[in-house]
Amino acid sequence: MSKIAYVNGRYLPQSEASVNIEDRGYQFGDGIYEVVHLHDGRYVDEGLHLARLERSLGEIQLPMPMSRAALSMVLREVAQRNRVREGLLYMQVTRGVSRRDHAFPAKPVPPALVVTIRRVPAYPTDVDKWQAACITLPDLRWARRDIKSVNLLPNCLARQKAREQGAIEAILYDEATGMVTEGAATTFWIVDENGAIRTRFLDHVILPGCTRAALMAELRTLGIEYDEREFSLEEMRRAREAFITSATSFVKPITKIDGQPVGDGKVGPVVRRLFDIFARHVKGDVKNAA
């Protein structure tokens, strides 16, 4: 069966789906996107993702293409038409089709909406097989990283460098200060040398990760302390444990950075517990994760 995409009001086989060559997303990267994990037919943290989509659109003065309720119906219809119960959904909203000009269209045009989905394996069950390696790179992205824009060239270059070095992610840092920001497509956390769970505070420098927010909510529920406080490369290298979070990484242990082991080079007890907590969150059963 051909994959089905939603494109500007129509459900089409992906082989037939297309957008206009003057779509501003294609020509300028003038758009916003979201990626949502579908587990057992249920979108994980859907509300967080739709809220972030709406916020990002507002930051670039672009209206929602439809109401949240209507968009939720489209997301479910795409999953149903593709017969996917375990997958990753991608949605993208751009400023639409207009004669090429850097400024916004003088006469507003309808936003363009594309939604696709693909099958992926279920949440991993073996945390030891989920561990991975990272590299570090200077953060070369634009100043408004809190907006989930489709402008991802620096992220792509960073991920490619990571792949070339046998790693799955690039941990980015501010060259001027030596402070860690986040991963190229993930939130980065450490368990510092004193045992504190830490990740950078939110501002324009990093993306407000939905998995980050969901994990924090569960930690508060369980009475597990964490610290929204930035840390340096030096502090990172002294950390006992490290991990990344995202809609595709969930809670992924990082046991090697720049070829050197994190802590003892094994999945640590804190990350092991957080992995289990988030597995229950994905399944909708976190309240029993204490």
Side-chain angles (χ1 to χ4, degrees), residues 25-26 28-29 31-35 37 56 88 90 92 118 120-121 124 127-192 198-212 230-268 271 275:
Y26 171 70
F28 294 111
I32 301 298
Y33 78 101
E34 280 290 335
V35 177
H37 180 72
S56 291
L88 276 180
Y90 178 86
Q92 175 176 296
R118 63 181 173 88
V120 296
V127 66
D128 293 296
K129 292 181 179 179
W130 193 235
Q131 62 184 295
C134 291
I135 63 170
T136 58
L137 290 172
D139 198 337
L140 304 179
R141 300 169 300 162
W142 74 316
R144 289 302 307 276
R145 303 161 201 158
D146 57 307
I147 299 172
K148 199 167 178 68
S149 161
V150 297
N151 290 279
L152 294 173
L153 182 57
N155 309 64
C156 293
L157 294 174
R159 273 287 178 94
Q160 178 60 25
K161 287 184 179 179
R163 178 179 294 179
E164 291 169 357
Q165 296 185 40
I168 59 97
E169 179 61 301
I171 305 307
L172 308 177
Y173 62 90
D174 185 320
E175 282 190 286
T177 65
M179 303 305 284
V180 172
T181 53
E182 59 184 340
T186 58
T187 300
F188 182 63
W189 308 62
I190 62 170
V191 180
D192 71 16
R198 290 170 61 182
T199 194
R200 195 187 190 283
F201 54 86
L202 293 180
D203 59 6
H204 290 172
V205 171
I206 67 170
L207 183 74
C210 292
T211 303
R212 173 192 192 276
E230 64 182 349
F231 47 86
S232 66
L233 286 170
E234 290 72 20
E235 289 177 289
M236 178 196 73
R237 299 194 194 286
R238 295 196 301 267
R240 298 180 184 178
E241 304 177 46
F243 63 101
I244 56 176
T245 57
S246 73
T248 54
S249 295
F250 308 111
V251 172
K252 182 184 284 290
I254 300 303
T255 52
K256 186 180 290 186
I257 299 176
D258 290 333
Q260 299 301 311
V262 177
D264 63 4
K266 300 177 182 178
V267 179
V271 176
F275 175 89

Taking all atoms of both residues into account, what is the closest heavy-atom pair of [X] and [Y], and its distance?
X	Y	result
A185	S246	O-CB, 3.8 Å
W142	S149	CZ2-CB, 4.4 Å
L137	A170	CD1-CB, 3.8 Å
P261	G265	CB-CA, 3.8 Å
I135	D258	CA-OD1, 3.2 Å
A133	A167	O-CB, 3.3 Å

Verify side-chain contact (heavy atoms from CB on, under 4.5 Å) between F231 and D192, making sure each step is shown before the conclusion.
-> CA-CA 9 Å; F231 47 86; D192 71 16; over 6 Å; no

Looking only at atom types and distance, does a side-chain atom of [X] sit under 3.5 Å from a main-chain N or O of [Y], one as donor and one as acceptor?
X	Y	value
W189	E241	no
Q260	I257	no
S56	I147	no

So, are E182 and R141 salt-bridged, with charged N and O less than 4.0 Å apart?
->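 Result for this pair is yes, salt bridge flagged.
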
With rounding to the nearest 0.5 angstrom, report the [atom1] to [atom2] distance, [X] to [Y].
X	Y	atom1	atom2	answer
K256	I168	NZ	CD1	13.0 Å
Q165	Q160	CD	CD	10.5 Å
I254	I171	CD1	CD1	6.0 Å
Q131	K129	CD	NZ	11.5 Å
E230	Y173	CD	OH	15.5 Å
L172	M179	CG	CE	14.5 Å

Mutual orientation of the aromatic rings belonging to Y33 and Y90 [parallel < 30°, tilted 30-60°, perpendicular > 60°] |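 Ring orientation of Y33 relative to Y90: parallel.
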
Please examine the side chains of [Y] and [X], heavy atoms only from C-beta on, and report whether any two atoms are closer than 4.5 Å.
X	Y	value
T245	K252	no
S232	E235	yes
V180	F188	yes

Test side-chain contact (heavy atoms from CB on, under 4.5 Å) applied to T211 and T187, step by step | CA-CA 8 Å; T211 303; T187 300; over 6 Å; no

Where at least one partner belongs to residues 144-158, residue pairs that pass salt bridge (charged side-chain N to carboxylate O under 4.0 Å, His left out), sequence neighbours excluded = R55-D146, E59-R144, D139-R145, R144-D146

